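Below is one structure, written out as structure tokens, with a few remarks after it.
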Amino acid sequence: MPKSADGRELTSYPEEWQALARVARETAAVRPILESGVEAAVPFAVPPGVAARAWRFRGRLYVLLVNDGALAVPISEESLRPWRALFEVRADARELLGACGGGRCLPAERVLWLEGRL
């Protein structure tokens with residue numbers, strides 16, 4: 001078990017343990033997509049500053065958007081309309097974007113998994 005700087009174990013911090021468990025569940029859920037999915041073209045324009053990849057798996061298209069920069073990046077709400085957000089409280093991906101400059105932005109250091117319709 002990893003130890004913290006003060007010598008305590010990760011399980012001594014419930015919030016950290018819950019966050020790690022969530023990442024493990026999400027990784028397990030997308031593993032079949034990454035391992036058995038067929039890489040596809042991202043079906044919408046990806047703004048500069050956002051990395052994106054897409055896979056087709058069992059009749060659905062999955063898209064991963066990553067903003068690993070220090071600034072929020074504007075994203076077209078229309079391009080996200082037909083998609084369902086995975087691993088989020090809200091399924092509508094547009095509701096997960098932050099407001100910026102009169103539009104909507106993918107926040108800095110944010111990842112967004114999208115699932116297309118059959």
Side-chain angles (χ1 to χ4, degrees):
M1 182 67 56
K3 301 255 186 205
S4 66
D6 64 2
R8 296 194 306 175
E9 292 186 356
L10 185 59
T11 54
S12 300
Y13 301 93
E15 298 85 7
E16 296 293 330
W17 184 251
Q18 289 170 0
L20 181 61
R22 178 180 178 197
V23 169
R25 284 191 307 274
E26 291 174 4
T27 302
V30 298
R31 182 178 177 188
I33 298 165
L34 298 174
E35 289 181 347
S36 301
V38 176
E39 203 156 340
V42 177
F44 51 82
V46 179
V50 173
R53 290 186 62 186
W55 296 265
R56 186 162 300 283
F57 181 71
R58 295 187 179 169
R60 290 187 190 263
L61 191 60
Y62 294 87
V63 176
L64 173 63
L65 300 174
V66 179
N67 177 2
D68 65 353
L71 300 173
V73 176
I75 293 193
S76 163
E77 288 184 71
E78 280 305 307
S79 63
L80 298 180
R81 184 177 299 281
W83 298 91
R84 180 175 89 90
L86 298 178
F87 315 118
E88 301 288 347
V89 174
R90 300 191 181 276
D92 188 338
R94 296 168 299 169
E95 293 178 14
L96 301 170
L97 301 177
C100 68
R104 307 297 284 174
C105 288
L106 183 62
E109 300 179 355
R110 182 70 193 263
V111 173
L112 186 58
W113 271 102
L114 303 172
E115 179 182 57
R117 303 184 196 281
L118 283 172

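Just so it is clear, the structure is predicted and the values come from calculations on it, not from any experiment.
Residue pairs satisfying the salt bridge (charged side-chain N to carboxylate O under 4.0 Å, His left out) criterion with at least one member in residues 64-79, sequence neighbours excluded, are listed as follows: E78-R81.
Contact between P32 and F57 at its shortest, heavy atoms only, is O-CE1, 3.5 Å. Between A108 and G69, the closest heavy-atom pair is CB-O, 3.3 Å. In terms of heavy-atom proximity, P47 sits nearest to P74 at CG-O, 3.3 Å. Closest non-hydrogen pair, L71 versus N67, comes out as O-ND2, 3.0 Å. Of all the heavy atoms in P107 and R110, the pair that sits closest is O-CB, 3.1 Å. Taking both residues in full, the closest heavy atoms of R104 and E95 are given as NH2-O, 4.4 Å, listed atom of the first, atom of the second, then distance.
L65 belongs to a hydrophobic cluster whose other members, connected by ILVMFWY side-chain contacts under 4.5 Å either directly or through intermediates, are V42, F44, V46, V50, L61, V63, V73, I75, L80, W83, L96, L97, L106, L112, L114.
Here D92 does not pair with R90 in a salt bridge; the nearest charged N to carboxylate O distance is not below 4.0 Å.
Using modelled atom types, one side-chain atom of R22 and one backbone atom of F87 make a donor-acceptor pair closer than 3.5 Å. Checking side-chain atoms of S79 against main-chain N and O of S76 turns up a donor-acceptor pair under 3.5 Å. For R56 (side chain) and V38 (main-chain N/O), no donor-acceptor pair under 3.5 Å exists by modelled atom type.
Counting heavy atoms from C-beta outward, V30 and Y62 have side chains that stay 4.5 Å or more apart.
Other residues, nucleotides and ligands contribute over 12 non-hydrogen atoms within 6.0 Å of the CG atom of L34.
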